[in-house]
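Take a look at the structure below.
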There are 2 protein chains.
Amino acid sequence: MSDIKPEFYERKIDFMNKLTDFFKVLSDETRLRILILLYHKKLCVCEMCGITGESQPKISKHLAKLRDIGLVKDERQEQFIFYDLNLNEQVYKGILEKIVDNINDYPVLKSDIEKCKHAEKYLESCRR
Amino acid sequence: MSDIKPEFYERKIDFMNKLTDFFKVLSDETRLRILILLYHKKLCVCEMCGITGESQPKISKHLAKLRDIGLVKDERQEQFIFYDLNLNEQVYKGILEKIVDNINDYPVLKSDIEKCKHAEKYLESCRR
DNA sequence: TACTTATATACTCATATAAGTATATATACT
DNA sequence: AGTATATATACTTATATGAGTATATAAGTA
């Protein structure tokens, strides 16, 4: 991923780099799972850990990348930091939509989405 | 890109890896340009070099990757080897389509497409 | 058969990336 | 103020990746 800061993307100068960076994001399974989850529901870090079964630093680091290039935004609510999609451009939404439309081909994603319907229950299980 | 051979994809077992590999393909500007070109027209290697201005080994190596994971197929016609898209699954076509729908955001791609309308003229310019 | 041309591949190097483990930070709670 | 908890980051290591240059291959042509 090119080392580009959020401010850059806010100015929206280089759409092409932004597009290839978006695809680089999607080329990692963990990040793809995170984005598809957030496409359905605003979630906190430990809910994402619980749902995906991945470690907290792993999830956090990927979220940091997504945040850096402006694809998600975070917001604290009491003890938790919730993440939400931040897709200003239609292309990106459209691409995620294509995946969701074919969700039956992707059991991992489908199962994640099922689990995120009861995301709250992962809040407790987060205690280490 | 995971080191997976064409035979694997033909069996279509792991759709998820295939999907992330597809995104990894698109995350490189040169490969993205190639795919968008081939989305419009069957082209030979030296036409693609001419249109994109990239070196022959660079284009060839990227084509090899695309071929290995089954996204393109090649076919010799006299002296030239022509490449063509080989997208069996709708998701991938759909994603390329989204990009083409927003082509005005991507001047490089737009210019490539313009040039590929007179691709033949790059056949001659190929001589080194 | 020798020569040219189109394309593919090998080799090298520099850089990027992901993951794990440990630790820092920041807010909440007592 | 001190402790627990949620999340972020630093550090390390192993691996992957892309580009350039040189060279190999394979078909076409003289």
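Everything numeric here is computed off the predicted structure, so don't read it as measured data. Below, chains carry the letters A, B, ... as their sequence lines are ordered, and counting in each starts from 1.
- Separating the CG atom of A:L123 from the P atom of D:dT5 is a distance of 14 Å, rounded to the nearest angstrom.
- Note: OH (A:Y122) to P (D:dT5) measures 21 Å, nearest angstrom.
- The distance between atom CG of A:L66 and atom P of D:dT9, rounded to the nearest whole Å, is 13 Å.
- Closest heavy-atom contact between B:C44 and B:F80: CB-CB, 3.9 Å.
- For the pair B:E114 and B:K41, the salt-bridge criterion is not met [side-chain N within less than 4.0 Å of a carboxylate O].
- In this model, the phosphate group of C:dA6 is not approached by any side-chain N or O of B:R76 to a distance below 4.0 Å at OP1 or OP2.
- Contact annotation: side chain of B:Q56 to base of C:dA6, donor-acceptor pair absent below 3.5 Å.
- B:D28 places no side-chain N or O within 3.5 Å of a backbone atom of B:K24 that could act as its donor or acceptor partner.
- Between the side chain of A:R67 and the backbone N or O of A:V72, no donor-acceptor pair lies under 3.5 Å.
- Using a 4.0 Å heavy-atom cutoff across all strands shown, A:F82 reaches no nucleic acid atom at all.
- Judged as a side-chain contact (heavy atoms from CB on, under 4.5 Å), and not counting sequence neighbours, the contacts of A:S111 are A:K115.
- As rounded to whole Å, 14 Å separates atom P of C:dT27 from atom CD of A:E75.
- Regarding B:I81, its CD1 atom lies at a distance of 8 Å from the C1' atom of D:dA26, rounded to whole Å.
- In terms of modelled atom types and a separation under 3.5 Å, the side chain of A:R76 and the main chain of A:F82 share no donor-acceptor contact.
- A straight line from CD1 of A:I59 to C1' of D:dT9 spans 16 Å, rounded to a whole angstrom.
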* Asked: Can you give the dot-bracket line for DNA chain C, using ( ) for pairs inside the strand, [ ] for pairs that cross earlier ones, | for pairs with another strand and . for unpaired bases, where Watson-Crick and G-U count if both distances are under 3.5 Å?
  -> ||||||||||||||||||||||||||||||

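- Checking the phosphate oxygens (OP1, OP2) of C:dA6, no side-chain nitrogen or oxygen of B:Y83 falls inside 4.0 Å.
- Classified by interplanar angle (parallel below 30°, tilted 30° to 60°, perpendicular above 60°), the ring pair B:Y92/B:F22 is tilted.
- Summarising the geometry, the separation between CD on A:Q79 and P on D:dA8 is reported as 14 Å, rounded to the nearest angstrom.
- For the pair B:D74 CG and C:dA6 P, the computed distance is 17 Å after rounding to whole Å.
- Using a 4.0 Å cut-off between charged nitrogen and carboxylate oxygen, A:K121 and A:E47 do not count as a salt-bridge pair.
- In terms of modelled atom types and a separation under 3.5 Å, the side chain of A:S60 and the main chain of A:P57 share no donor-acceptor contact.
- Ranked by how close their nearest DNA chain C nucleotide is to the 5' end, A:S27 and A:Q77 are led by A:S27.
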Could you write out each protein N or O paired with an N or O of nucleotides 19-21 of chain C at a distance under 3.5 Å?
from	atom 1	to	atom 2	distance (Å)
C:dA19	OP1	A:K58	NZ	3.2
C:dA19	OP2	A:H62	NE2	2.8
C:dA19	N7	A:K61	NZ	3.2
C:dG20	N7	A:K61	NZ	3.3
C:dG20	O6	A:K61	NZ	2.5

